[in-house]
Amino acid sequence: MPDNGWPADRIDTEHAHSARIYDYILGGKDYYPADKEAGDAMAHEWPALPVHMRANRDWMNRAVRWLAEKAGMRQFLDIGTGIPTSPNLHEIAQSVAPESRVVYVDNDPIVLTLSQGLLASTPEGRTAYIEADFQDPETVLGSPEFLETLDLSQPVALTVIAIVHFVLDEDDAVGIVRRLLEPLPSGSYLAMTIGTAEFAPEEVGRVAREYAARDMPMRLRTIDEAHEFFEGLELVEPGIVQVHKWHPDGTGEQDIRDEDIAMYGAIARTP
C-alpha cells in the first residue's frame, strides 16, 4: 500500500491500460511491461503515434491557458485525468490565476495512487480528486468533492480530453457529456479532444485494432460526429480542427503533418 493509504493491489499490472500506454509513449515512468508492449506494437503500426499523443497533450496546455487567460475561467472539472504529468491542469490554470479550483476525475486505480501530484494546489486555490467512471456522470455530479470544491453559481470549464474515443455508441458519449454540462451555469465552457481516423485511416485503423485486441475497443469519429458534442453551444474560433491547428503557439506545430494527427480539438461556451 502506498503512502497515501490507497491499495496498490487494485492495480491490474497484467493487462495494458490506455492511461499507462499514454504515459509510456509520452516518456513517463508509471507503466508496466504490458503497457510498454502495447505502446511499442501501436507505434510500430503508426510511427507518428508519439507525435499525435504529444500534440494532444500540448493542446491541453494551450486550451487550459486560453480558458484561464482569455475566458476568465477559475473553475475546472477535468474528466479522464490520466496519470499526472507536469504541468498538470491545475498548475497551468493556477499559474494564470492562483485562486483557480480544479476537480479531477478518473477511474484508474494507478491515477488514484498517484493523485497527490494532482492535489498540490496553491494556497489561494483548491484541487480535489474523484474516483469515478466517465460513463457514470451521476457519481461525479453527486460527489462531495464536486459539490464542495466548485461554486455552481459561477462558470465552470468542463474538460473531456482524449477519452470519448473509448466510449462506444451504445454508451452514448454525447449524452454523457451533455449530462455533465447540465448543472454548469451559463457562460461555462466545454473543451474536448475527439479521436478521428479521417487523416490517416489505414494507420489509425491498425492502432485501433491493437487497442481492441487488448479489450479497449475504440470509436473514432468524423468531423460531423464531432460536431454533435457541441450542438447548442457557441464554438470558439477556429471551431473544431485538428489539435495542432487550434491556437498554435509556435512551439513546433508548424512541423506537424496533418496525417500525423488523429484528434480533433475544440472549445465552446454554453449560452
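Counting from 1, the numbers follow the sequence of the chain as shown.
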A173 and R221: which non-hydrogen atoms are nearest, and at how many Å? CB-NH2, 3.7 Å
Do V241 and L235 belong to the same hydrophobic cluster, where Ile, Leu, Val, Met, Phe, Trp and Tyr are linked whenever their side-chain heavy atoms lie under 4.5 Å apart, directly or via other members? no
Would you check if there is a donor-acceptor pair between the side chains of S95 and R65 at a distance under 3.5 Å? yes
Would you say Q94 and S121 are linked by a side-chain donor-acceptor pair, where the criterion is simply a distance under 3.5 Å? yes
Tell me, which pairs form a salt bridge (Lys or Arg N to Asp or Glu O under 4.0 Å) where one or both residues lie in residues 18-32, sequence neighbours left out? R20-D35
Would you say the side chains of D224 and T222 form a donor-acceptor pair under 3.5 Å? no
Between G239 and W246, the two heavy atoms sitting closest are O-CD1, 3.8 Å
Establish whether I130 and V111 are linked, either directly or via other cluster members, by ILVMFWY side-chain heavy-atom contacts under 4.5 Å. no
Check T127 against A120 and note the closest heavy-atom contact, atom names and distance. OG1-N, 4.2 Å
Among pairs that include at least one residue of residues 156-175, which meet salt bridge (Lys or Arg N to Asp or Glu O under 4.0 Å), considering only residues two or more places apart or in two chains? D169-R219
Taking ILVMFWY side chains as joined if any heavy atoms are under 4.5 angstrom apart, and letting links pass through other members, which residues group with M218? I21, Y22, Y24, I25, L26, Y31, M42, W46, L49, M53, F166, V204, V207, Y211, M216, L220
For the residue pair V156 and Y189, establish whether any side-chain heavy-atom pair is separated by less than 4.5 Å. no
Minimum heavy-atom separation for V177 to L158, with atom names? O-CD2, 4.2 Å
Name all pairs fulfilling the side-chain hydrogen bond (donor to acceptor under 3.5 Å, both in side chains) condition that reach into residues 201-210, sequence neighbours left out, sorted by first residue then second. E45-R206, E210-R214
What is the minimum heavy-atom distance between A157 and L67, and which atoms define it? CB-CD1, 4.0 Å
side-chain hydrogen bond (donor to acceptor under 3.5 Å, both in side chains) with E148: which residues, sequence neighbours excluded? none
Would Q135 and V167 count as a side-chain contact (heavy atoms from CB on, under 4.5 Å) if you check the C-alpha gap in whole Å, the side-chain angles of each, and the deciding distance to 0.1 Å? CA-CA 8 Å; Q135 298 184 54; V167 182; 4.3 Å; yes
Look up atom CD1 in I261 and atom CZ in F199, then write down how far apart they are to the nearest 0.5 Å. 10.0 Å
Shared hydrophobic cluster for L152 and I79 (ILVMFWY, side-chain gaps under 4.5 Å): yes
Do D151 and R101 meet the salt-bridge criterion of a basic N to acidic O distance under 4.0 Å? no
Between the side chain of T85 and the main-chain N/O of I83, is any donor-acceptor distance below 3.5 Å? yes
Shared hydrophobic cluster for V102 and W59 (ILVMFWY, side-chain gaps under 4.5 Å): yes
List for me each residue that meets side-chain hydrogen bond (donor to acceptor under 3.5 Å, both in side chains) alongside R179, sequence neighbours excluded, and say none if there are none. E138, E182
Mind checking whether F134 and V164 have side chains closer than 4.5 Å, heavy atoms only? yes
Working for side-chain contact (heavy atoms from CB on, under 4.5 Å), residues L190 and V160: CA-CA 8 Å; L190 171 64; V160 185; 4.2 Å; yes
Quick one: does H247's side chain get under 4.5 Å of W66's, heavy atoms only? yes
Under the side-chain contact (heavy atoms from CB on, under 4.5 Å) rule, what do Q75 and S100 come out as? Steps first, then yes or no, please. CA-CA 6 Å; Q75 301 191 107; S100 297; over 6 Å; no
Determine whether L89 and T159 satisfy the following criterion, side-chain contact (heavy atoms from CB on, under 4.5 Å), listing intermediate values before the conclusion. CA-CA 10 Å; L89 190 152; T159 57; 3.7 Å; yes
Could you give the side-chain donor-acceptor pairs of residues 227-234 under 3.5 Å, partners two or more places apart or in another chain?
residue	atom	partner	partner atom	Å
E231	OE1	R178	NH2	3.3

Between D249 and R62, is there a side-chain heavy-atom distance shorter than 4.5 Å? yes
Applying salt bridge (Lys or Arg N to Asp or Glu O under 4.0 Å) as the test, list every pair that has at least one member in residues 153-162; sequence neighbours left out. none
State the CG-CG distance between L184 and L77, to the nearest 0.5 angstrom. 7.0 Å
Show me the donor-acceptor pairs within less than 3.5 Å that the side chains of residues 263-271 make with the rest of the protein, sequence neighbours left out.
residue	atom	partner	partner atom	Å
Y264	OH	E198	OE1	2.4
T270	OG1	P185	O	3.4
T270	OG1	G187	N	3.2
T270	OG1	S188	N	3.0
T270	OG1	S188	O	3.2

Non-neighbouring partners of Y104 that pass side-chain hydrogen bond (donor to acceptor under 3.5 Å, both in side chains), sequence neighbours left out: H90
When rounded to the nearest 0.5 angstrom, what distance separates OG1 in T149 from CZ in R126? 4.0 Å
Could you note down all residue pairs passing ring pair (Phe, Tyr, Trp, His ring centres under 6.0 Å) where residues 139-164 supplies at least one of them, sequence neighbours left out? none
Joint cluster assignment, I176 & L168, ILVMFWY side-chain distance < 4.5 Å: no
To the nearest 0.5 Å, how far apart are NZ in K245 and CD1 in I240? 14.0 Å
Out of curiosity, T193 OG1 to H165 NE2, how far, rounded to the nearest 0.5 Å? 7.5 Å
Heavy-atom closest contact (G82 atom, A19 atom, distance): CA-CB, 4.4 Å
Taking 4.0 angstrom as the limit, do K36 and D40 come out as a salt bridge? yes
Qualifying residues under side-chain hydrogen bond (donor to acceptor under 3.5 Å, both in side chains), relative to T81, sequence neighbours excluded: D78
